[in-house]
Every structure is written in structure tokens, then in C-alpha cells.
Amino acid sequence: MRTRFALAGVCLLTLLCAPAVFAQKDAALEAGVDRQMPELTATYRQLHQNPELSHHEEKTSAFLAEQLRRAGYTVTERVGRYPDGSQAFGVVAVMKNGSGPTVLVRTDMDGLPVTELTGLDYASKVRAVNADGQDVGVMHACGHDMHMTVLLGVARELAASRERWHGTVVLVGQPSEETIDGAKAMMADHFYERFPRPDYILDQHDTNMAEAGHIAISSGPMLAGANSLRVTFHGIGAHGSSPALGKDPVVMASEFVVLAQSIVSRQISAQTPAVLTVGTFHAGTKNNIIPDDAVLGISMRFYADDVRKKLLEGITRTANGVAVAYGVASDRMPEVSLLESTVPTVNDAVLSERMRKVAVQALGAERVDKATPVMGSEDVGYFALDGKIPFVFFWLGAADPQKFAAAKSGGPALPSNHSPLFAPVYEPTIRTGVTAMSAMVFDLLHN
Ligand SMILES: [Zn+2]
Ligand SMILES: [Zn+2]
């Protein structure tokens, strides 16, 4: 017992002493961020009130480009080309400051077709016409306005402290993250032939999964890869009173929806994360008509390519198997079409541990949380060229600390990203984002 008491005493002392011994926060950086806060909060509110949908970030990108140019960066606008040939609104800002490594920091820029319900005095009232011709409310419901604000803060900190670093900084304003085709559009526009190829890539995303003032970082998988699929069952239409005269695609598709649930639960290892969700089911025009076709919209999530392949094979095999069981002719087998896709977001083990230590130094250990992987998706991974360039993504806490604590102890859940109620506590979130990200870039470009 004595030994245990003695050990406890040592541990307690170590814990109490540790902050005093190790925490040497960056006073110059903190003062710089302090000076920037009035302008950054005004920028955040302005961006929040003026969201633009994916593929339409024209004014947002022009604003970002102008601010980066004023901060001393060499800026290229309208970087990116979509597969249909249309122009993307990517922004690339470069600052060279002697010889040294190259660091790329990325923000996304697009808002969502969500009508804001926060009731904030700076709430968005913007409406726009979406790709389907519908009039929709537009909101920065995923917090990309926060990401742009933080990027501008980091840009100005770096520009104002050029004596502290050597190398090249590449700041990227990426369009169309929500439609996961913005990063691909920028890469398709000869990105790494036109701009310096980085040695390191950094990115962050605001979230209510962590409280404002904190960040959360881990090594390994952070966000899943995603594929969207369309599965079309071809039947034979008939009168609803005579099903035996047709082949009912509604029944086939229904059977498929149930069977497909066993692909994840029975064909993928229990140790391996995977999700398969049938999100849409469209068929028919009238109660008493058996339609010709039924069309399903599927989303699948994964961290590893072999899991992606297993999911895809499982979906195809199950759809074909159902069609065979219902006696569909071989030339009318189901069609499986791959729609949007994106790669997993995976943190480099060495770089993420280095950046975690930098964040602990800059913010204090009590404000650096361990991140847990989620099955949401991002497209920032395309800049890392399939893991060839070391990459780190971290969560930027945005939740009101009191509401966060209440939610943790069984109180009302906080709104997630994409909710019409998503409202980061912006002052501490901006301050923490700029401090953490600037400290990381300083560390990577320290001579
Ligand atoms: Zn989003
Ligand atoms: Zn987002």
C-alpha cells in the first residue's frame, strides 16, 4: 500500500508540474492572432451571410483571392475544370520565402442547399436555384466559412512573420467539396504542374464533436472513402391485377434492399469499418401498374480499397442473384452504375504525431483531444496523391463548451454539420484554428 501511495504522489506532482515545465506558448503568435481577431470575426460574419452553392463559388473565391493578394501572395484564380468542361473557381496562393520545404494548406469554400434556422443576427438569407432548378435556401451549414476565415488568418500570420520560416507556402481555396468533385477538378487542371508540389499537406474541419477552443487530432483514418451507386432493376411491366404476366421490379428491389444489409454484417470483417445505405428508392407511377424499372440510390463508405471492392462486388452479385431468382432474362440483368466517389482521408502517422505535439505546445495539452474516425467523407485526400504526400487533417472544435458538456451528460444533442441549426461559437474557434494551423506551418518550415 505504501508503494502505491508513493506512486500516486509522484504522478500527481508530475501532472501538476507538467504545464509549468513544458507549456511555452508562442507569445508572438498569440499577439498576432489577437491583433487579427476584429478583422477575422468581421470576415467570418460576412462570409456566413453570403454563401454560394458548389460549382458557383464565384464571389467567394474572388473575395478570398483578393484578401490573399493583399496579404502579399501570388494568386491564381479559376483553377480547376469539371468533367463537363465547365470552369471551377479554385484559388491558389503561393508565397516563396527562401529555400526550404513546401507546405500546402487547404480550405473549402462552398455552402449547402439548406435554409438557415439559427436565428442569428448574421444568419444567411440567401436563396439560389440548385442543379435541379429548385429554389433553395443557401447556408454555410458545414462551416466552410470558418475554414476560409482561418486560412486568411494563417496567411496573414505567415506573411507578417517571414523571419520565422523558410520555404514555400501554397494556400488552396477549393470549390465544390460538398459535391466531392472540386479537388478532382483542380487536379485535372494540371495542379502539380502549375504549382509547387508540397512536402506536407494540412487541413482542418470545424465540428460540434469537439468544444470551441479545442482541436482533435489522431494518426490513421479520419474520414471514410465514399462511392455513390445507382442500381436499376429491369422488370416487365403489367397490370397490377395480373402480376404473373410481368416481372415486378418493386419486389426485386425490395428483396435486394433487405439482402444487401448482410453484405456488411456477414461478408466484411467485423474489425473493418464499412457502411452500405440505400438512400433512395424510385419506381412506378400508379397504384395498379407494375412498372418496368425500379431504381435505387446507394451510398457506401470504407477506409480500405479491398473493402470498397468487396462492397461493390457484393452489391452486383446480390442484385444479379435476385434478378435470376425472379426469372429475369440474362439480357435484362440489373445495371450497377458508379456515380460520385472520393478517397478516404488518412493521416500520416509520423506527421500527425509531430503536428499533435505542435498543437499541444501552442494550445496546451488540455485543448488537444484525440480524434475518433467517422464515416463521413471529404475530397481533400486527392491533393495527397493516394498517400504519396504526407497529410494531416484535424477537427477544429466549434461547440459552445456549456452545451457540449450538457450534451455529453445526456442533455440535448448539438446540431451536426449540415444542420440548419449549425452555428459555431466563432470567436474561440477562429482563434484556435489560426493559432494551431499557423504553429503547425511554422514548425514544418522552421529552419
Ligand atoms: Zn459538408
Ligand atoms: Zn464540410
Side-chain angles (χ1 to χ4, degrees), residues 44 47-48 50-57 60-61 64 88-91 105-118 124 126 128 130-131 136-151 172-186 201-210 212 215-217 221-228 275 277 279 299 301 340-345 347 371 373-384 391-399 414-424 426 429-430 433 437:
Y44 173 75
L47 287 168
H48 190 80
N50 295 284
E52 292 175 296
L53 290 173
S54 310
H55 288 232
H56 297 278
E57 307 90 341
T60 307
S61 62
L64 191 66
F89 291 108
V91 175
V105 185
R106 174 265 206 180
T107 179
D108 32 23
M109 302 188 291
D110 47 339
L112 282 161
V114 171
T115 303
E116 180 156 358
L117 298 176
T118 59
S124 164
V126 173
N130 71 6
V136 292
V138 186
M139 176 187 176
H140 269 300
C142 203
H144 298 180
D145 45 355
M146 175 62 67
H147 307 165
M148 288 185 274
T149 307
V150 168
L151 187 90
V172 173
Q174 185 212 295
S176 303
E177 187 280 327
E178 297 294 353
T179 46
I180 54 172
D181 52 357
K184 275 187 266 194
M186 292 185 83
I201 298 175
L202 301 176
D203 186 36
Q204 44 85 34
H205 203 301
D206 54 354
T207 177
N208 274 345
M209 294 186 298
I215 72 158
I217 184 168
M222 294 288 284
L223 292 154
N227 277 181
S228 282
V275 175
T277 292
S299 176
R301 310 287 169 133
E340 309 90 359
S341 65
T342 190
V343 290
T345 303
N347 279 354
V374 297
M375 299 308 281
S377 299
E378 257 280 354
D379 65 350
V380 64
Y382 286 103
F383 291 105
F391 164 84
V392 164
F393 169 100
F394 63 87
W395 292 112
L396 176 60
L414 284 157
S416 66
N417 296 73
H418 293 205
S419 159
L421 300 171
F422 184 67
Y426 63 79
T429 307
I430 296 169
M437 189 64 94

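As the structure is a prediction and not an experimental result, all values here were calculated from the model. First listed ligand is number 1; within each ligand, the first listed atom is number 1. Counting from 1, the numbers follow the sequence of the chain as shown. Computed over heavy atoms, backbone and side chain alike; hydrogens, waters and symmetry mates excluded.
Applying the side chain to side chain contact (heavy atoms under 4.5 Å, CB included) rule to Asn417 yields the partners Cys142, His205, Asp206, Thr207, Phe422; only residues at least two apart in sequence or on another chain are considered.
Looking at Leu396 and Met437, their side chains never come closer than 4.5 Å, going by heavy atoms from C-beta outward. Looking only at side-chain heavy atoms (C-beta outward), Leu202 and Phe394 stay at 4.5 Å or farther from each other. Val380 is not listed as a side-chain neighbour of Leu223, based on a closest heavy-atom distance of 4.5 Å or more.
In this structure a side-chain-to-backbone donor-acceptor pair under 3.5 Å is missing from His140 to His48.
The nearest N/O/S atom of His418 to the Zn ion (ligand 1) is NE2.
Around the Zn ion (ligand 2), the protein N, O or S atoms found under 2.8 Å comprise Cys142 SG, His144 NE2, His205 NE2.
Between Glu378 and Arg106 a salt bridge is recorded (basic side-chain N to carboxylate O distance below 4.0 Å).
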